[in-house]
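Report on one structure; see the data block that follows.
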Amino acid sequence: MYDKPVLLVIAHGSRDPRHAATVHALVRRVRSLRPGVRVETGFLDFNVPSVHGALESLAAEGVRDVVALPLLLTRAFHAKADIPAVLRDAPARLRIRQAEVLGPSPLLLAALERRLSEAGLRPADKSSTGVVLASAGSTDPEAIAVIAGIAREWRHTGWCAVRPAFASASLPRTEDAVRELRALGCSKVAVAPYVLAPGFLPDRIARGAADADVLADVLGPAPEVARLLLKRYDAARAPRLAAVGA
């Protein structure tokens, strides 16, 4: 039925049931956008199927080609070490290409804007509103630099100011960035969680947003995120497509 590589979405996993529910909602949206592509899910921890279990099942069905797509916003430890290690243990019959992580991307900025709009911000509010770009955090300097770069880029789209914040591992925290934007004189302060699904760290971001005027929802199954997954899938397949057309 499927003549294209299977897209295996690799999610982090969480004890919080909202996490897996959100991942599955996103995967359903991806399937609806590209019915001719089989899309499966594997989790690194806490949830089933595990990535290894998903790969074993695909191999047992006779699948040969897989694009493994990390459901991650930055290229930190999971993308650099955990996922490659799991993929190296995959059944030998599988040909696996690891797609790039999702961020940074203009589609993610569009999804952030969507969530802020859904939370009540109007276009007329933009120039007087400061935004906290609140991510989970990382010990990886590359990931932190990417978040800071996204905040700088987003500022140039018309916001009063944009400040990065982190729920763990790095500073400032969300509440500190909210206070900074107040001190800058922004009339409103909005917190935009730069996270894909609910869980422990997104809840910490929400607590840090207590003094903000607006708290947006997580990115979740936003249409832009679903389109981005397919864009990363297509890019990972591109070398094979080029070879076939050569």
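Not measured: the values here are computed from a predicted model.
Nearest heavy atom pair, residue W154 against residue A192, reads CH2-CB, 3.9 Å. Closest non-hydrogen pair, P70 versus I83, comes out as CB-CD1, 3.5 Å. The shortest heavy-atom contact between G53 and S50 is N-OG, 2.9 Å. In terms of heavy-atom proximity, I144 sits nearest to S138 at CD1-O, 3.4 Å. Contact detail for A190 and L121: the closest heavy-atom pair is CB-CD1, 3.8 Å. P84 approaches A81 most closely through the heavy-atom pair CD-O, 3.4 Å.
Put simply, CZ on R31 and CZ on R28 are 8.5 Å apart, with the number rounded to the nearest 0.5 Å. Here the straight-line distance linking atom CZ of F166 with atom CG of L133 works out to 8.0 Å at 0.5 Å rounding. From E56, atom CD reaches atom CD of E61 across 12.0 Å, with rounding to the nearest 0.5 Å.
Under a hydrophobic clustering in which Ile, Leu, Val, Met, Phe, Trp and Tyr are joined whenever their side-chain heavy atoms come within less than 4.5 Å, directly or via other members, V66 and L87 fall into the same cluster. Cluster membership check: L33 shares its hydrophobic cluster with V27, using side-chain heavy-atom separations under 4.5 Å among Ile, Leu, Val, Met, Phe, Trp and Tyr. Hydrophobic clustering, with ILVMFWY side chains joined whenever heavy atoms are under 4.5 angstrom apart, keeps V131 apart from L181. In the hydrophobic clustering of ILVMFWY residues, with side-chain heavy atoms under 4.5 Å counting as a link, I205 and L73 come out apart. V162 and L184 sit in two unconnected hydrophobic clusters of ILVMFWY residues. Membership requires side-chain heavy atoms under 4.5 Å apart, directly or through other members.
One finds no salt bridge joining R114 and D217 here, because no Lys/Arg side-chain nitrogen approaches an Asp/Glu carboxylate oxygen to under 4.0 Å. Note on D176 versus R179: salt bridge recorded, some NZ/NE/NH1/NH2 to OD/OE distance being below 4.0 Å. Classification of D125 and K188 as a salt-bridged pair holds, one side-chain N sitting under 4.0 Å from a carboxylate O. Residues D213 and R182 are paired through a salt bridge, judged by an N-O separation under 4.0 Å between the basic side chain and the carboxylate. Residues K80 and D140 are paired through a salt bridge, judged by an N-O separation under 4.0 Å between the basic side chain and the carboxylate.
Between the side chain of R29 and the backbone N or O of P221, at least one donor-acceptor pair lies under 3.5 Å. The backbone N or O of S14 lies less than 3.5 Å from a partner atom in the side chain of N47, making a donor-acceptor pair. At distances below 3.5 Å, not a single donor-acceptor pair connects side-chain atoms of R95 with backbone N or O atoms of A92. At least one donor-acceptor pair closer than 3.5 Å links the side chain of S168 to the backbone N or O of A136. Under the 3.5 Å distance criterion, the side-chain polar atoms of S117 are left unmatched by any main-chain donor or acceptor of E113. Not one N or O on the side chain of Y194 forms a donor-acceptor pair closer than 3.5 Å with the backbone of V132. Proximity of a side-chain donor or acceptor of R75 to a complementary backbone N or O of E142 within less than 3.5 Å is not detected. A donor-acceptor contact shorter than 3.5 Å links the side chain of K126 to the backbone of T157. Distance alone, capped at 3.5 Å, is enough to place a donor-acceptor pair between the R155 side chain and the C160 backbone. In this structure, R115 contributes its side chain and L219 its backbone to a donor-acceptor pair below 3.5 Å.
Between D211 and E175, the closest side-chain pair of non-hydrogen atoms is not below 4.5 Å. Using a 4.5 Å heavy-atom threshold, the side chains of D65 and V6 count as separate. Between P5 and Y233 the shortest side-chain heavy-atom distance falls below 4.5 Å. Side-chain contact check for L229 versus V9: some heavy-atom pair is nearer than 4.5 Å.
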Between L201 and V195, is a side-chain contact (heavy atoms from CB on, under 4.5 Å) present by the stated rule, with each step listed?
CA-CA 9 Å; L201 293 178; V195 292; over 6 Å; no
Quick one, R34 with D234, criterion salt bridge (Lys or Arg N to Asp or Glu O under 4.0 Å). Give me CA distance, side-chain angles, the key distance, then yes/no.
CA-CA 11 Å; R34 193 78 65 84; D234 290 337; 2.9 Å; yes
Go through the steps to decide whether V67 and R237 satisfy the test side-chain contact (heavy atoms from CB on, under 4.5 Å), and finish with yes or no.
CA-CA 7 Å; V67 169; R237 311 175 49 219; 4.0 Å; yes
Yes or no on side-chain contact (heavy atoms from CB on, under 4.5 Å) for V191 and V214, after CA distance, side-chain angles and deciding distance?
CA-CA 6 Å; V191 174; V214 174; over 6 Å; no
Which pairs would a plain distance check flag for residues 98-111, meaning a side-chain donor or acceptor within less than 3.5 Å of a matching protein atom at least two apart in sequence or in another chain?
residue	atom	partner	partner atom	Å
Q98	NE2	A79	O	3.3
S105	OG	L107	N	3.1

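Ring geometry for H12 versus H19: interplanar angle over 60°, hence perpendicular rather than tilted (30 to 60°).
Surrounding CZ of R15 are at most 12 heavy atoms belonging to other residues, nucleotides or ligands under 6.0 Å away.
L8 pairs in a side chain to side chain contact (heavy atoms under 4.5 Å, CB included) with only one of the listed residues (L69, L55, I96, L94), which is L55. With respect to H78, the side chain to side chain contact (heavy atoms under 4.5 Å, CB included) criterion is satisfied by exactly one of L72, I10, V86: L72.
For H24 and F43, the ring centers sit closer than 6.0 Å to each other.
Qualifying side-chain hydrogen bond (donor to acceptor under 3.5 Å, both in side chains) partners for D203, counting only residues two or more places apart in sequence or in other chains: R18.
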